[in-house]
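These notes are about the structure you will find just below.
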Amino acid sequence: MKPTPFDYTTARSVAEAVALLADPTRDAKIMAGGQSLIPMLNMRLARPELLVDITRIPELSHLTVDASGALHIGAAVRQSRTAADPAVRRGWPLLAAAIEHIGHPQIRSRGTVCGSLAHHDPAGELPTVARALDARFVITGPRGIRTVRAEDFFVATFSTAVGEDELLLEAVFPPPPAQHGWAFEELTRRHGDFATVAVSVLLERDSVAGTVRSARVVFSGAGPVPVRLPAAEDTLVGTRVGEEALAAARRAALAGLSPSADVHASAAHRRETAAHLLVRACTTAWERC
Amino acid sequence: MTPSVPVQTTVRTPPLAEPSGWHRITLTVNGEQITAEVESRLLLSDFLRDRLGLTGTHVGCEHGVCGACTVLLDDEPVRTCLALAVQCDGVSVRTVESLAPGDAPLTSVQRAFHECHGMQCGFCTPGFVMTATALTEQPERPGPEEVADALGGHLCRCTGYRNIRRAVCQALDERFGE
Ligand SMILES: Cc1cc2nc3c(=O)[nH]c(=O)nc-3n(C[C@H](O)[C@H](O)[C@H](O)COP(=O)(O)OP(=O)(O)OC[C@H]3O[C@@H](n4cnc5c(N)ncnc54)[C@H](O)[C@@H]3O)c2cc1C
Ligand code: FES
Ligand code: FES
C-alpha cells in the first residue's frame, strides 16, 4: 500500500500548472486535496510520473460571490471551508448540505469541491448538486479557457469534460431563484459512505400563484452521470406539491430511472429507493419554499 | 571450522533507489521545527512513524477509511495516510505525542478516555483522541450530530464505541460546561 515513485511539485501559478500538464515527456497529474488520488496512488491504481499540487496557487483559493450574485469556488477551496461559509449556507444551502454527506470531517478538511467534481465518482454527492444548481465549469489548458455547463461536464464514470492536459479552475453556481426550497436525500449503508442513491431537488415558488414555477430533480447512483428527470419535474410544476403530484413524481421516477446493480444494491432496490427519496425530498423542498 | 572473514563496515548514505524526486521540507511537529529531506512518495504517516519515531500515530488501512492515522494539521483533523510528507512544508502537525509530553498531566481528553475506559486494545485510540482534541478546541460546543459525524470518521475494531462516545462527551462537558 505504498505509491510507486513519482516527482512532486507545487505549482505557483495556473500558467505553471498548465505548462507542466502539457509537458509531453512526463505523465503529470493534478493533485488537489488528494482524498481520492492518494488512495489510488497507495493502491497503485494510479502511477503518475509527476504530481502537480495546485492547492497553493493563490488564484485558485477564492470563494466569492460576484456582482451578478453567482458563487465562484476556486479549485483550491476545500469542502469544509465551503460548507462552513456563511454566504454559501445562506444562498446555496443545498450545496452545504450535500458536502456534509461527504465522508467525514477528516476527509472534508482536505478534499476540495472542484477535486470531487473533476474526479466524478457517479455515487458522489457534488455532481448531482452541481447539475441541480446548473453550475458552470471554467476549464483552462493549452487551447485556452472555456466554460462548460453541468449537463455537458459529466461524461461517464470518472470522466468529465476536463481533458488530460487541462485544469478545472473553478465551479460557478448561478444565483439561486428568489424564492426556492431545496432538499438533499441519500441512502447509504453508513453515514459518510458514498451514496447508494441520492437525489437533489430544487423547487422555485411562484409567489403570486403559490405553486411551483420550476423544478429540478437530479439523482446520483442512478447511472454513470447525474441523472436529471424532466418527467418528474413536470409533475410538480404548477402544483402545490400535494399527494397527487407526489404520486405522479414517484411514478415518473419508477418509469424513468434505469440504475444498474452492484454489490451495494440491485437495480430494482435502487429504483424503489430513488422514487421513495424523491417523494421525501419534494415534500421537504416544498416546506422550505 | 572455517576461519572467520573480517566484516568490513562502511557507513554511507544509500543512493537513491528510484528516480523519484527528493525535496527539502520544513514543518513544525509537536511544536518543534524540523527540516528534512523526503522522497515525494513518502506518506506523512510513514514520515512521522519511521523518520521521526513518533509511533503513536497508528496505521491501519492506508486508504483513508479507518482513521487510526489521524493527526491535526494546522489544528484540523487529517488522515496522514492520505497526505504526502512533501505537501506539509510550512504546516504545523500535532500528533498524539504532543498531548502530555514527559510527565505532563494528561489532557482532559486523555483523562476522559482513561476514566470512561474509552478503549479496549487501544489501536484506534490515538486517532480518536486527536479528533476529540479538535472538537474540544472549537470555539463553541459542537452539537451531538457534529460529534457523531467526527467520531464516525474512525473505526474501532474492538467496537468500544459507547465508551469512546462517553469519553468525548465528558471532555466536552469539562471544556464547555454541561
Ligand atoms: C474515507 C473516504 C470517504 C469518502 N467519502 C466520500 C463520499 O461519501 N462522497 C464523495 O463524493 N466523496 C467521498 N470521498 C472522496 C473525497 O470527497 C475527495 O475529496 C474528492 O473526491 C476528491 O477531491 P480532492 O480535492 O481530494 O481531489 P484529489 O484526490 O486531489 O483528485 C482527484 C482527481 O481529480 C483530479 N483533479 C483534482 N482537482 C482537479 C482540478 N482542479 N482540475 C482537474 N483535475 C483535478 C485529480 O487529478 C485526480 O484525478 C471520500 C474519500 C475518502 C478517503
Ligand atoms: S491508516 Fe489512515 S485512515 Fe486508515
Ligand atoms: S480499542 Fe481496539 S480498535 Fe478500538
Side-chain angles (χ1 to χ4, degrees), chain A residues 1-11 20 26 28-29 31-56 76 78-81 83-84 97 99-111 115 188-194, chain B residues 16-23 25 38-46 59-91 127-128 130-131 134-135 138 142 145-155:
Chain A
M1 302 286 275
K2 306 292 179 197
T4 53
F6 53 78
D7 203 351
Y8 166 96
T9 188
T10 309
L20 288 165
R26 284 205 288 187
K29 217 164 173 39
M31 177 149 77
Q35 301 300 289
S36 291
L37 186 52
I38 298 181
M40 288 197 297
L41 295 174
N42 286 353
M43 290 186 255
R44 302 199 168 191
L45 296 171
R47 297 161 171 262
E49 286 167 283
L50 172 67
L51 282 190
V52 181
D53 187 336
I54 58 163
T55 57
R56 298 191 191 211
R78 292 171 173 171
Q79 293 157 4
S80 54
R81 179 178 158 206
I99 290 175
E100 282 162 9
H101 282 83
I102 299 177
H104 300 280
Q106 300 88 345
I107 305 297
R108 306 193 291 262
S109 59
R110 300 284 287 183
T188 52
R189 292 284 298 270
R190 288 170 304 240
H191 180 77
D193 281 7
F194 280 95
Chain B
L16 299 189
E18 282 123 352
S20 158
W22 286 68
H23 304 265
I25 56 167
V38 295
E39 201 189 357
S40 297
R41 63 168 168 162
L42 183 68
L43 299 174
L44 178 59
S45 44
D46 293 334
V59 169
C61 65
E62 285 193 325
H63 60 271
V65 175
C66 74
C69 70
T70 305
V71 307
L72 304 186
L73 288 197
D74 288 336
D75 304 331
E76 273 190 299
V78 165
R79 306 290 206 226
T80 54
C81 71
L82 298 190
L84 303 171
V86 65
Q87 286 178 291
C88 296
D89 191 32
V91 161
F128 270 110
M130 295 319 285
T131 284
L135 287 172
Q138 293 195 7
E145 276 187 25
E146 205 181 321
V147 172
D149 190 21
L151 297 186
H154 295 268
L155 298 179

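Throughout, a chain's letter reflects where its sequence line sits, starting with A, and its residues are numbered from 1.
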- Task: Sort B:Ala83 into side chain, backbone, both or neither according to what part of it lies under 4.5 angstrom from a heavy atom of chain A.
- Result: both
- Query: What distance separates B:Asp149 CG from A:Glu100 CD, expressed to the nearest 0.5 Å?
  - Reply: 7.5 Å
- Query: Closest approach of B:Val91 and A:Arg56, non-hydrogen atoms and distance?
  - Reply: CG2-NH2, 4.2 Å
- For A:Ser80, is it the side chain, the backbone, both or neither that has a heavy atom under 4.5 Å from a heavy atom of chain B? side chain
- Item | Step-by-step side-chain contact (heavy atoms from CB on, under 4.5 Å) determination, A:His104 to B:Thr70 | CA-CA 12 Å; A:His104 300 280; B:Thr70 305; over 6 Å; no
- Before giving the answer on side-chain contact (heavy atoms from CB on, under 4.5 Å), spell out for B:Leu84 and A:Leu51 the whole-Å C-alpha distance, their side-chain angles and the decisive distance to 0.1 Å. CA-CA 11 Å; B:Leu84 303 171; A:Leu51 282 190; 3.8 Å; yes
- Message: Donor-acceptor check, side chain of A:Asp53 to backbone of B:Gln87, threshold 3.5 angstrom: yes or no?
- Response: no
- So which of B:Asp89, B:Leu73, B:Val65 has the largest heavy-atom pair count under 4.5 angstrom toward chain A? B:Asp89
- Task: Sort B:Glu76 into side chain, backbone, both or neither according to what part of it lies under 4.5 angstrom from a heavy atom of chain A.
- Result: side chain
- Item | Partners passing side chain to side chain donor-acceptor pair (under 3.5 Å) against B:Thr131 (at least two apart in sequence or in another chain) | A:Gln106, B:His154
- Query: Of the non-hydrogen atoms in A:Pro105 and B:Ala150, which two are nearest, and what is the gap between them?
  - Reply: CG-CA, 3.7 Å
- Task: Might you point out which heavy atoms bring B:Cys61 and A:Met1 nearest each other, and give the distance in Å?
- Result: O-CE, 3.3 Å
- Item | Gap separating the NE2 atom of B:His63 from the CE atom of A:Met40, nearest 0.5 angstrom | 13.0 Å
- Query: Judged by atom type as modelled, is there a donor-acceptor pair below 3.5 Å linking the side chain of B:His23 to the main-chain atoms of A:Tyr8?
  - Reply: yes
- Query: When rounded to the nearest 0.5 angstrom, what distance separates OG in A:Ser109 from CG in B:Leu72?
  - Reply: 9.5 Å
- Query: Are B:Leu43 and A:Asn42 close enough that some pair of their side-chain heavy atoms sits under 4.5 Å apart?
  - Reply: yes
- Please examine the side chains of A:Lys2 and B:Asp46, heavy atoms only from C-beta on, and report whether any two atoms are closer than 4.5 Å. yes
- Query: Would A:Ile38 and B:Arg79 count as a side-chain contact (heavy atoms from CB on, under 4.5 Å) if you check the C-alpha gap in whole Å, the side-chain angles of each, and the deciding distance to 0.1 Å?
  - Reply: CA-CA 11 Å; A:Ile38 298 181; B:Arg79 306 290 206 226; over 6 Å; no
- Item | B:Leu42, part contacting chain A, at a heavy-atom distance under 4.5 Å | neither
